[in-house]
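Okay, structure first, notes after.
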Amino acid sequence: MAERADARTWMNRGIFMLLAFMIIVAQLVPLDMRPIGWAPPDLLLVITLVWVARKPHYLPVFVIGFLFLAADFLFQRPPGLWAALVVILTETIRRQNREFRQMPIMVEWGTITFGVIAITLVNRLALFVTMVPQAPLGMTLIQMIGTILIYPLVVVIAHFIFGVSRAAPGEIGSRGQRI
């Protein structure tokens, strides 16, 4: 049965969308016209994974799908491929939410690492099979490693600044529903 979202849930969804919008705009605005020698981490993916791993009810699947599909169009990636891979990963994490509540941060980080590696490799393979031009393998690996390494920092920021922490076992929402 669908539960109605309370004010805190809507506020956190709004905060997430604002952060996502700021990240997308920052990546689209050219600050320097010289090419850089490294690829920055995928912050949009990291904050999405943190939000879904910590409080999955804050981000419904349609928000994630819409956001990453819009990012595919804005960043001129093949439309829907990365969005579909991220939706599959986030839904896998959402399904394991009960296990995420009790696992230590290192195990959580390892699980997220495995997921990021998997979707990166599947993305590269799909682009290779369809003969779509790709970024150099080194840049993709640098971005993937940076994304993995920044995860704990984003967890700390999300916890202390935005209040996105793990749900305790048996925690209930403001309307008495189980989280």
Side-chain angles (χ1 to χ4, degrees), residues 1-27 40-72 75 82-123 143-179:
M1 187 156 104
E3 289 129 6
R4 297 183 56 193
D6 59 355
R8 181 164 175 82
T9 301
W10 282 107
M11 184 182 72
N12 280 300
R13 286 178 185 167
I15 289 170
F16 175 81
M17 292 301 288
L18 181 65
L19 284 173
F21 176 74
M22 289 178 5
I23 289 169
I24 290 172
V25 168
Q27 289 178 347
D42 191 347
L43 290 176
L44 187 58
L45 176 63
V46 173
I47 65 165
T48 303
L49 294 176
V50 168
W51 251 256
V52 170
R54 297 290 166 142
K55 295 284 188 180
H57 63 281
Y58 284 173
L59 288 181
V61 67
F62 66 86
V63 170
I64 296 169
F66 172 76
L67 180 68
F68 278 89
L69 184 61
D72 283 348
F75 297 140
W82 188 247
L85 292 172
V86 171
V87 165
I88 290 168
L89 177 59
T90 56
E91 288 306 299
T92 302
I93 291 170
R94 188 185 315 268
R95 193 181 61 214
Q96 297 174 348
N97 182 31
R98 300 257 185 240
E99 291 86 20
F100 269 87
R101 290 180 182 184
Q102 288 93 13
M103 66 175 61
I105 184 70
M106 295 305 286
V107 177
E108 175 185 342
W109 191 14
T111 305
I112 297 297
T113 297
F114 179 75
V116 170
I117 291 171
I119 65 172
T120 302
L121 292 177
V122 169
N123 185 46
Q143 182 177 35
M144 180 185 69
I145 291 168
T147 302
I148 291 166
L149 291 177
I150 202 165
Y151 182 81
L153 177 65
V154 175
V155 166
V156 169
I157 291 170
H159 178 74
F160 289 110
I161 295 179
F162 301 112
V164 179
S165 60
R166 291 182 187 174
E171 183 176 334
I172 57 171
S174 64
R175 297 176 188 218
Q177 77 276 17
R178 291 195 65 161
I179 295 179

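We number each residue from 1, following the sequence as shown.
Scanning both residues, S165 and H159, for their nearest heavy atoms gives CB-ND1, 3.1 Å. Nearest heavy-atom pair, V50 versus A158, reported as atom, atom and distance to 0.1 Å: CG1-CB, 3.7 Å.
Contact annotation: the side chain of W82 approaches that of T120 to within less than 4.5 Å [non-hydrogen atoms, C-beta and beyond]. At least one side-chain heavy atom of L49 sits under 4.5 Å from a side-chain heavy atom of V116. Within the 4.5 Å cutoff, the side chain of L45 has heavy atoms near those of the I119 side chain. Side chains of I15 and Y58 form no contact here, defined as non-hydrogen atoms less than 4.5 Å apart. For the pair Q27/L44, no side-chain contact is recorded, criterion being any heavy-atom separation below 4.5 Å from C-beta on. Residues E99 and T111 form no side-chain contact, since every pair of their non-hydrogen atoms from C-beta on lies 4.5 Å or further apart. The shortest distance between side-chain heavy atoms of W51 and V164 falls below 4.5 Å. Contact annotation: the side chain of V52 never approaches that of L89 to less than 4.5 Å [non-hydrogen atoms, C-beta and beyond].
Of the residues T92, N97, I93, the one that meets the side-chain contact (heavy atoms from CB on, under 4.5 Å) test with R95 is T92.
Residue N123 holds its CG atom at 12.0 Å from CE of M144, rounded to the nearest 0.5 Å. How far CD1 of I47 is from CD1 of I150: 11.0 Å, rounded to the nearest 0.5 Å. Taken to the nearest 0.5 Å, the CD1 atom of I23 stands 10.0 Å off from the CG atom of L18. From F16, atom CZ reaches atom CG of L19 across 8.0 Å, with rounding to the nearest 0.5 Å. In this structure, T48 OG1 and L43 CG are separated by 10.0 Å, a value rounded to the nearest 0.5 Å.
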Steps toward side-chain contact (heavy atoms from CB on, under 4.5 Å) verdict (L67, I24): CA-CA 10 Å; L67 180 68; I24 290 172; 4.1 Å; yes
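Counting only distance, with no hydrogens or angles, the side chain of N12 and the backbone of R8 share a donor-acceptor pair below 3.5 Å. Listed for the R94 side chain is a donor-acceptor partner under 3.5 Å among the backbone atoms of L59. Looking at T147, its side chain does come within 3.5 Å of a backbone N or O of D42 through a donor-acceptor pair. R13 places a side-chain N or O within 3.5 Å of a backbone atom of H57 that can act as its donor or acceptor partner. The main-chain N or O of I148 is found under 3.5 Å from a side-chain atom of W109 such that the two form a donor-acceptor pair.
Side-chain polar atoms of D6 and T9 form a donor-acceptor pair below 3.5 angstrom.
Dense packing is recorded around CZ of F75, with more than 12 heavy atoms of other residues, nucleotides or ligands lying under 6.0 Å away.
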